[in-house]
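Each remark here refers to the structure printed beneath this line.
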Amino acid sequence: MLLYNIGIKLYSLFIRFASLFNNKAKLWVTGRKNIVFVRIESSIWFHFASLGEFEQGRPILEAIRNVHPGKKIVITFFSPSGYEIRKNTPLADFVYYLPLDTAKNARSFIDAINPEIIIFTKYEYWFHFFNEANKRNIPLYIVSGIFRPGQIFFKWYGGFNRSILSLVSHFFLQDEASKQLLQGIGINNTSVSGDTRFDRVWANAQNPKVLPLIDEFKNGHKLFIAGSTWPQDEALLAKLVSEYPDWKFIFAPHEIPEEKINNLISLLPEGKAIAFSQLKSEAEGLKSGDFINQSLTSNLQSLVIDNIGMLSSLYAYADIAYIGGGFGVGIHNTLEAAAFGLPVIFGPNYQKFNEARELIALKAGFSISNENELKGIVETLVDDEVFYNVTSKKVFNYVKENVGATEMIMKYIDK
């Protein structure tokens with residue numbers, strides 16, 4: 001406990017130091033400064049580490065909002081990338097940064113919001129918040145939980161971390177392997193319910209947003225979309241553009257500072273790439289959709305998305321998807337693209353993601369490590385129509401068959 005508390009304090013000091021030169025760290029610090037929590041009689045509290053976990057847990061959030069429209073819902077985020085984008089979500093009555101995990105903060109926060117139940121998505125295990133909930137007999141659920149043998153919970157020195165897990169009322173797990181791992185350390189309050197991300201992406205694919213400007217850009221061409229890319233991904237993908245002049249390309253980088261957007265555009269064939277904001281601005285000055293097509297998009301081959309929030313809708317217009325992050329710490333969300341039946345390609349670091357491993361096993365997802373491998377799989381998908389159609393059907397069915405986690409979880413927590 002002493003080491004844990006010291007670690008929390010040291011982390012806070014490190015973030016404050018980093019905030020002097022890192023904007024994300026600065027948001028983390030300023031967002032927690034002088035925060036005032038509105039006192040309410042009761043609530044349902046959802047916590048999400050970041051934006052990805054919000055989207056993952058969103059089906060549960062929406063279901064509870066529909067079943068209990070009068071309940072106050074409180075959302076907390078650990079990361080600025082979640083809070084800053086979803087701080088005004090209509091799905092919650094109050095949205096806060098999660099206070100630092102100290103005993104005092106846990107008491108003060110729970111005193112203020114008075115949660116009837118608490119729902120954490122996927123991970124983040126904070127001792128003082130969990131302990132305070134346990135002392136007050138507030139049900140605490142982990143949804144879409146997943147565990148791996150290398151985690152500290154399963155090490156000989158992970159006793160304290162195991163004690164945090166013991167404070168959870170029930171785990172709703174993504175797979176049987178996670179259940180077996182928890183059973184191995186004496187935790188049996190578990191259910192294998194699957195991953196709520198399938199429910200989220202399936203719902204999105206059934207009712208995609210209409211994006212007229214994207215339709216104008218595509219203009220009947222085949223479309224390759226690269227989602228959540230990093231510079232390592234983009235360096236490889238840029239070489240594809242000139243090799244497929246009849247295809248259109250959309251890049252949606254994971255980070256969108258102006259400098260990075262400009263760097264990406266500079267990698268692409270000169271005069272044939274544009275940032276979405278610029279295209280939108282120019283299009284708004286024109287009256288005719290036909291004129292937009294002729295004057296703005298006919299000579300364009302690549303579009304670089306310089307905003308957050310469009311990507312999940314863009315996949316509806318695509319034929320092949322590349323998911324970024326696989327040349328770094330790990331790939332981003334493959335399921336958003338898969339829900340539209342798109343063959344998905346990604347880099348080599350995918351082992352921590354069940355859906356990537358399962359898509360590869362189905363020969364519906366493809367991992368590449370270099371330029372030649374990327375060119376090879378793209379060439380096969382483009383030239384072999386039968387192979388493409390079989391792959392697309394496999395991807396679509398994979399998502400469809402894994403829908404249902406939300407219903408299973410709701411039956412348990414709302415009984």
Side-chain angles (χ1 to χ4, degrees), residues 51-52 54-55 58-59 62 81 85-86 88-91 197 199-229 233-234 237 240-241 244 246-256 258 260-261 264-265 268 272-324 332-345 392 395-396 399:
L51 182 61
F54 173 85
E55 293 300 327
R58 185 169 178 163
E62 291 175 335
S81 59
I85 294 171
R86 295 299 183 216
N88 296 315
T89 176
L91 293 173
R197 283 184 304 163
D199 299 338
R200 173 61 185 153
V201 300
W202 181 257
N204 177 66
Q206 301 312 298
N207 189 29
K209 292 181 181 178
V210 176
L211 303 171
L213 196 53
I214 299 301
D215 199 39
E216 293 284 356
F217 168 75
K218 183 175 180 180
N219 191 28
H221 291 262
K222 294 288 188 178
L223 176 62
F224 186 107
I225 186 164
S228 301
T229 56
D233 304 299
E234 293 153 9
L237 293 165
L240 279 178
V241 178
Y244 292 92
D246 293 332
W247 278 62
K248 298 276 188 163
F249 289 79
I250 290 181
F251 292 83
H254 183 68
E255 296 182 337
I256 57 170
E258 184 177 0
K260 294 197 174 189
I261 296 297
L264 173 52
I265 291 176
L268 303 170
K272 293 188 176 184
I274 192 172
F276 178 80
S277 60
Q278 182 182 346
L279 180 63
K280 183 180 179 183
S281 177
E282 294 181 15
E284 286 172 349
L286 302 175
K287 296 180 180 179
S288 166
D290 291 335
F291 188 50
I292 290 174
N293 182 44
Q294 294 171 10
S295 63
L296 293 182
T297 64
S298 59
N299 293 323
L300 292 174
Q301 189 186 8
S302 299
L303 183 63
V304 178
I305 307 301
D306 53 353
N307 62 61
I308 300 295
M310 284 183 68
L311 181 56
S312 62
S313 299
L314 291 171
Y315 288 124
Y317 294 87
D319 297 280
I320 299 174
Y322 177 96
I323 310 302
H332 293 284
N333 192 340
T334 58
L335 294 179
E336 286 181 334
F340 289 99
L342 301 183
V344 287
I345 306 169
S392 177
V395 175
F396 180 82
V399 176

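The model shown is predicted, which means the values in this text are computed figures rather than measured ones.
Side chain of T229 to backbone of G324: no donor-acceptor contact under 3.5 angstrom is found. The closest donor-acceptor contact from the side chain of Q301 to the backbone of V241 lies under 3.5 Å. Although no hydrogens or angles enter the test, the distance criterion places no donor-acceptor pair under 3.5 Å between the side chain of K218 and the main chain of L223. Under a 3.5 Å cut-off, the side chain of D306 and the backbone N or O of I261 do not form any donor-acceptor pair. With K248 contributing its side chain and F217 its backbone, the two residues share a donor-acceptor pair below 3.5 Å.
Here the closest heavy-atom approach between residue L279 and residue L300 is recorded as CD1-CD1, 4.1 Å. Nearest heavy atoms, P343 versus D319: CD-O, 3.5 Å. For the pair I85 and S81, the tightest heavy-atom approach, listed with the atom from each and the gap, is CD1-O, 3.4 Å. The two atoms that bring A337 and I323 nearest to each other are CB-CD1, 4.3 Å, heavy atoms only. Shown here for S312 and E336, the closest heavy-atom pair between the two residues is CB-OE2, 3.5 Å.
Summarising the geometry, atom CG belonging to D246 is positioned 12.0 Å from atom NZ belonging to K222; distances are rounded to the nearest 0.5 Å. Atom CG of L303 is separated from atom NZ of K272 by 15.5 Å, given to the nearest 0.5 angstrom. Here the NE2 atom belonging to H254 is positioned 9.0 Å from the NZ atom belonging to K260, to the nearest 0.5 angstrom. Separation of atoms OG (S302) and CD1 (I250) is listed at 9.5 Å; rounding is to 0.5 Å. Atom CG of L268 is separated from atom CG of L237 by 9.5 Å, given to the nearest 0.5 angstrom. Note: I305 CD1 to I225 CD1 = 7.0 Å, rounded to the nearest 0.5 Å.
Aromatic ring orientation, W247 versus F249: tilted (interplanar angle from 30° to 60°). Ring geometry for Y315 versus F340: interplanar angle of 30 to 60°, hence tilted.
Within a 6.0 Å radius of CD in E258, no more than 12 heavy atoms belonging to other residues, nucleotides or ligands are found.
Side-chain contact between F276 and L211 is absent, with no heavy atoms from C-beta onward closer than 4.5 Å.
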